[in-house]
Amino acid sequence: MIGVSMSVFINSDYTLERALSYLENKVKWVELCCDGNVNVMGREEITENFNLKYTLHCPIADFNLSSYREKIRKSSLEFIKDVLETATKVNSEALIIHPGFYIFKHDYDKCLKSLILSLKDLNKLQSEYGINIFIENMPYDMFMFKNPEKEIIENLGELEICFDIGHAFINNNIDKFLAYKDLIGHVHIHDNNGHADEHLPIGFGKIDFEKYKKDLKNINGIKIIELHYKNFENLENCLNKLKNYLK
């Protein structure tokens, strides 16, 4: 199963309707966003006009599930409930969530404990709403789940991993995450040169997709191409390359 993230339209002149109309003729799956010009929250009914299946990505900012300040962590969970309501309205198969962040290294242990609490709460929300929740691996030092830490993996419960191959490549840990292939249920596909989270089309960076095509094919989940608008013109070519790798 292959899809495209609406991230490719963020900061463009595309409306939500126009973007979905464009993708309707390209793919069966679309990962909806809650940010920018294609924010679906509050406009869920628009998705009913298209012959598409959906997953949903949580907003990029405005919450932190790893905050050791409990009021912020709890308010973040309350916000996730709002996003889950949107996921319900669009019949989303999945909700993709960033695990949170810390700014100062001495706060890491406290933030890890908070994230583990949030994972337990997310398990309850997954059961309550009946929508699969996936925790995404992240690219940079300030983010939690940059690496497949044992403490996080062991506390996922019934949650699964959204494996972002681009983020893993930056951290030189693609193989470490693939060791937990049975816990991966969703994939983000994009390329980069190993230093920045560029969200390039396949072949425009240095990821050896040929090497990992069997691993990607064997993951039982939706593979979502996640590009930025500056690479929009290469979207179809990227789709074709991914289809060939997954044959």
Side-chain angles (χ1 to χ4, degrees), residues 3-11 16 19-20 29-44 46-47 53-67 72-102 111 114-140 142-146 152 155-164 166-167 183-190 197 199 221-228:
V4 171
S5 169
M6 292 287 278
S7 65
V8 74
F9 297 104
I10 290 180
N11 289 333
L16 178 59
L20 290 173
W29 289 92
V30 169
E31 188 147 294
L32 299 166
C33 295
C34 299
D35 297 290
N37 50 301
V38 290
N39 179 5
V40 73
M41 294 184 76
R43 300 190 289 169
E44 296 89 350
I46 292 172
T47 63
K53 295 182 178 181
Y54 301 109
T55 61
L56 181 64
H57 199 301
C58 258
I60 302 301
D62 299 328
F63 72 103
N64 184 7
L65 292 171
S66 296
S67 177
I72 293 176
R73 189 187 76 84
K74 285 188 173 180
S75 67
S76 297
L77 285 164
E78 287 299 314
F79 179 60
I80 294 295
K81 291 180 184 179
D82 292 342
V83 182
L84 280 164
E85 291 291 342
T86 289
T88 299
K89 292 175 182 177
V90 300
N91 295 315
S92 176
E93 293 284 328
L95 179 64
I96 317 306
I97 300 179
H98 289 180
F101 58 91
Y102 65 103
C111 289
S114 292
L115 176 57
I116 289 171
L117 287 176
S118 293
L119 293 175
K120 296 181 188 302
D121 290 327
L122 289 172
N123 269 274
K124 294 175 184 176
L125 290 176
Q126 176 172 264
S127 178
E128 179 182 345
Y129 283 86
I131 294 173
N132 295 321
I133 295 176
F134 297 86
I135 306 300
E136 183 176 348
N137 62 298
M138 301 303 290
Y140 300 130
M142 66 179 285
F143 293 109
M144 306 299 289
F145 207 34
K146 171 187 167 186
I152 297 175
N155 284 282
L156 285 174
E158 297 299 315
L159 308 179
E160 292 183 278
I161 297 169
C162 169
F163 173 57
D164 189 305
H167 293 172
L183 297 178
I184 297 173
H186 196 80
V187 182
H188 283 167
I189 303 284
H190 52 96
D197 192 22
H199 286 260
I222 305 166
K223 286 79 177 182
I224 297 288
I225 291 175
E226 194 177 59
L227 304 181
H228 290 164

(request) Please report the shortest heavy-atom distance between Glu226 and Glu31, naming the atom on each side. (result) OE2-OE2, 4.4 Å

(message) Does atom CG (Asp62) have a neighbourhood of more than 12 heavy atoms from anything else shown, all under 6.0 Å?
(response) no

(message) Looking at every heavy atom in both Ala19 and Val38, which two are closest together, and how far apart are they?
(response) CB-CG1, 4.4 Å

(request) Write down the atom of Cys111, the atom of Met144, and the distance for their closest heavy-atom approach. (result) C-CE, 3.9 Å

(request) Give a yes or no answer on whether the side chain of Asn123 reaches the backbone of Leu156 with a donor-acceptor pair at less than 3.5 Å. (result) yes

(request) Enter the distance from Ile152:CD1 to Phe145:CZ here, rounded to the nearest 0.5 Å. (result) 6.0 Å

(message) To the closest 0.5 Å, what do you measure between OG1 (Thr86) and CZ (Arg43)?
(response) 11.5 Å

(request) Kindly compute the distance separating OG (Ser5) from NE2 (His188), expressed to the nearest 0.5 Å. (result) 6.0 Å

(request) Specify the closest pair of heavy atoms between His190 and Asp164, including all atoms of both residues, with the distance to one decimal. (result) NE2-OD1, 2.7 Å

(message) Between His167 (side chain only) and Asn137 (backbone N and O only), is there a donor and an acceptor less than 3.5 Å apart?
(response) yes

(request) Would you name the heavy atoms of Leu115 and Pro99 that are closest together and state the gap between them? (result) CD1-O, 3.3 Å

(request) Examine distances only and state if a side-chain atom of Ser67 and a backbone atom of Ser114 form a donor-acceptor pair shorter than 3.5 Å. (result) no

(message) I'd like to know if the side chain of Ser118 and the backbone of Leu65 have a donor-acceptor N/O pair within less than 3.5 Å.
(response) yes

(request) Indicate the atoms forming the closest heavy-atom contact of Phe9 with Asn37, along with that distance. (result) O-ND2, 3.0 Å

